[in-house]
**Student:** 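Let me begin by handing over the structure; questions about it come next.
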Number of protein chains: 2
Amino acid sequence: MPRRVAQPLPSAIAARLEVVDDPRALGAIATAVGEVGGRIRALDTVRRGGVAGAAPDAPETVEVELEVESVDEHALVAALQPLREILALKLTRPLGKVFGKRVIVVGGGAQVAQVALGAVTEADRHNLRGERISVDTIPLVGEDNIAFAVRAVADLQRARMLVLAGSIMGGDISRAADELRAVGVPIIALNMAGSLPDHVDLVVSDPVQAGTMAVMAVADTATFDLAKQRGRKY
Amino acid sequence: MPRRVAQPLPSAIAARLEVVDDPRALGAIATAVGEVGGRIRALDTVRRGGVAGAAPDAPETVEVELEVESVDEHALVAALQPLREILALKLTRPLGKVFGKRVIVVGGGAQVAQVALGAVTEADRHNLRGERISVDTIPLVGEDNIAFAVRAVADLQRARMLVLAGSIMGGDISRAADELRAVGVPIIALNMAGSLPDHVDLVVSDPVQAGTMAVMAVADTATFDLAKQRGRKY
């Protein structure tokens, strides 16, 4: 299975923009950033609707969080300030510096909560030493819903590990697990019925330990190498 | 304090692109999407480096997840396919349909884990009835780190509620809480020492109940109106 090794990321800069909600606005912004050599890494609409108190005939606006690499803050502001599509601009902090790597937990509520207990507790210990690890969870039921979520982890920024917490998973969830691992996101599963345990990197029976190991595997401050554990069951 | 009411969002379409990692590539993509009337709502770099097995002289590429409104999938694909910056294109599912609204929990590990227990368990009950609510957490220590995280919640897509879980918070965290509420993200805090409880929408002593109420407040399938609870302590 092809694997990609996670590399430390170059440092990004970030800004929050209030932008006129016109289909052509982001083309103008992305072009201006590219012209000064900036590489846009993220551009997320975080709010819609103009600021409170705006004139009734003011244009519809959206607030957009922008993250850019290969350019400094001064050059970014200089490139964006002249654009008439941008009504306000404020420098912010790139999300990776605040929320860091993400461990994603998906499955049944009772088990997701126990995995989260282990993962949050372990992340606390590493974040105290300078790491930044978040634990992001969603309780879901049903093969389709869980398979969609597994595939969508490939579309999440900064997702570094998936934990599947349930009592029976297989079928399309196992296919989705293979696809996710193929793009380089490892998976830990609870020991459970169904074919899923044959399609993950590591199987752990205790949910608290599964969460703990998931965080250890992504922490630079831990000495736990998932590659050496691959295929094992605990 | 100015408040914005959350509206149901128009439906988005999504695609994952493999893009040549050139500063001008995203300008070309955003312009092409805008020309067919599409509004880009998100554009996130989810992976770097070309596909495994690519020729050694192949250009550096990144994988980008794109979400667009006001256009259908056929028109989006037709607009993007001719661009030489795009090496591969695959339709995906918008993240809002998979992971939905986000309740964010920030604070001390022991308490974050207990809030998560309540929130995940409650989200399970609503997600079973067709809601989509995620519970995203990060354990952090220190006034600066927590204040940065509170401010950064304003930059997170789909963040609908923040729970601050700790034993003493105030100072710059309270100022950050005021700023976050001013952009429309409500805050529930545990009952704790420090000034923070005077700067939030609701104070709840039991962390499991705090997590439960946070999810109830954002669920369309619940009848819990935070506006009616504002300023109370439980």
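Atom set for the values below is all heavy atoms of this structure, side chains included, hydrogens, waters and symmetry mates excluded. Reminder, nothing fancy here: chain letters follow the sequence lines and each chain counts from 1.
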**Student:** Pick from A:V112, A:L190, A:I146: which one makes a side-chain contact (heavy atoms from CB on, under 4.5 Å) with A:L164?
**Tutor:** A:I146
**Student:** With only heavy atoms counted, which part of B:R102 is less than 4.5 Å from chain A, the side chain, the backbone, both or neither?
**Tutor:** side chain
**Student:** When only pairs under 4.5 Å are counted, which of B:G109, B:A28, B:A25 shares the most heavy-atom pairs with chain A?
**Tutor:** B:G109
**Student:** Which heavy-atom pair separates B:A222 from B:H126 by the least distance, and what is that distance?
**Tutor:** CB-CE1, 3.5 Å
**Student:** Just jot down the salt bridge (Lys or Arg N to Asp or Glu O under 4.0 Å) partners of B:E179, sequence neighbours excluded, or say none.
**Tutor:** B:R151
**Student:** So what's closer than 4.5 Å to chain A heavy atoms on B:L95: side chain, backbone, both or neither?
**Tutor:** side chain
**Student:** Would you mind checking which part of B:V141 comes under 4.5 Å of any heavy atom in chain A, side chain (CB onward), backbone (N, CA, C, O), both or neither?
**Tutor:** side chain
**Student:** Under 4.5 Å, counting heavy-atom pairs only, tell me which of B:A116, B:A152, B:A154 racks up the most with chain A.
**Tutor:** B:A154
**Student:** Rounded to the nearest 0.5 Å, how far does CG of A:L17 lie from CG of A:L89?
**Tutor:** 5.0 Å
**Student:** Taking side chain to side chain donor-acceptor pair (under 3.5 Å) as the criterion, tell me which of B:Q157, B:E69, B:E67 meets it with B:R41.
**Tutor:** B:E69
**Student:** Under a 4.5 Å heavy-atom cut-off, does chain B meet the side chain of A:R16, its backbone, both or neither?
**Tutor:** side chain
**Student:** With respect to chain A, which residue among B:P23, B:A14, B:P94 yields the maximal number of heavy-atom pairs within a distance under 4.5 Å?
**Tutor:** B:P23
**Student:** Quick one: which of A:D155, A:V46, A:L26, A:I138 has the most heavy-atom pairs under 4.5 Å with chain B, could you say?
**Tutor:** A:D155
**Student:** Checking B:D172 against B:F148 for the side chain to side chain contact (heavy atoms under 4.5 Å, CB included) test, could you report, in this order, the C-alpha distance in whole Å, the side-chain angles of both residues, the deciding distance, and whether it holds?
**Tutor:** CA-CA 9 Å; B:D172 196 38; B:F148 277 130; over 6 Å; no
**Student:** State, to 0.1 Å, how close B:P82 and B:A78 come at their nearest heavy-atom pair, and which atoms those are.
**Tutor:** CD-O, 3.1 Å
**Student:** Please collect all side-chain hydrogen bond (donor to acceptor under 3.5 Å, both in side chains) contacts where either partner lies in residues 82-98 of chain A, sequence neighbours excluded, each pair once.
**Tutor:** A:E65-A:T92
**Student:** Which one of B:L140, B:T121, B:I29 has the most heavy-atom pairs closer than 4.5 Å to chain A?
**Tutor:** B:L140
**Student:** Can you tell me how far apart NE2 (A:H74) and CD1 (A:I13) are? Round to the nearest 0.5 Å.
**Tutor:** 11.5 Å
**Student:** Please say which of A:V215, A:V120, A:I133, A:T221 ends up in a side-chain contact (heavy atoms from CB on, under 4.5 Å) with A:N127.
**Tutor:** A:I133
**Student:** Salt bridge between A:R175 and A:D178, side-chain N to carboxylate O under 4.0 Å?
**Tutor:** no
**Student:** Could you tell me which residues in residues 30-38 of chain A have at least one non-hydrogen atom under 4.5 Å from a non-hydrogen atom of chain B, sorted by residue number?
**Tutor:** A:A30, A:T31, A:G34, A:E35, A:G37, A:G38
**Student:** Under a 4.5 Å heavy-atom cutoff, which of B:V103, B:V71, B:L156 has the most pairs with chain A?
**Tutor:** B:L156
**Student:** What pairs with A:R39 under salt bridge (Lys or Arg N to Asp or Glu O under 4.0 Å), at least two apart in sequence or on another chain?
**Tutor:** B:D21
**Student:** Of the backbone (N, CA, C, O) and the side chain (C-beta and beyond), which part of B:T137 lies under 4.5 Å from a heavy atom of chain A, both, or neither?
**Tutor:** both
**Student:** With chain B, which of A:P139, A:G118, A:S70 has the greatest number of heavy-atom pairs at distances under 4.5 Å?
**Tutor:** A:P139
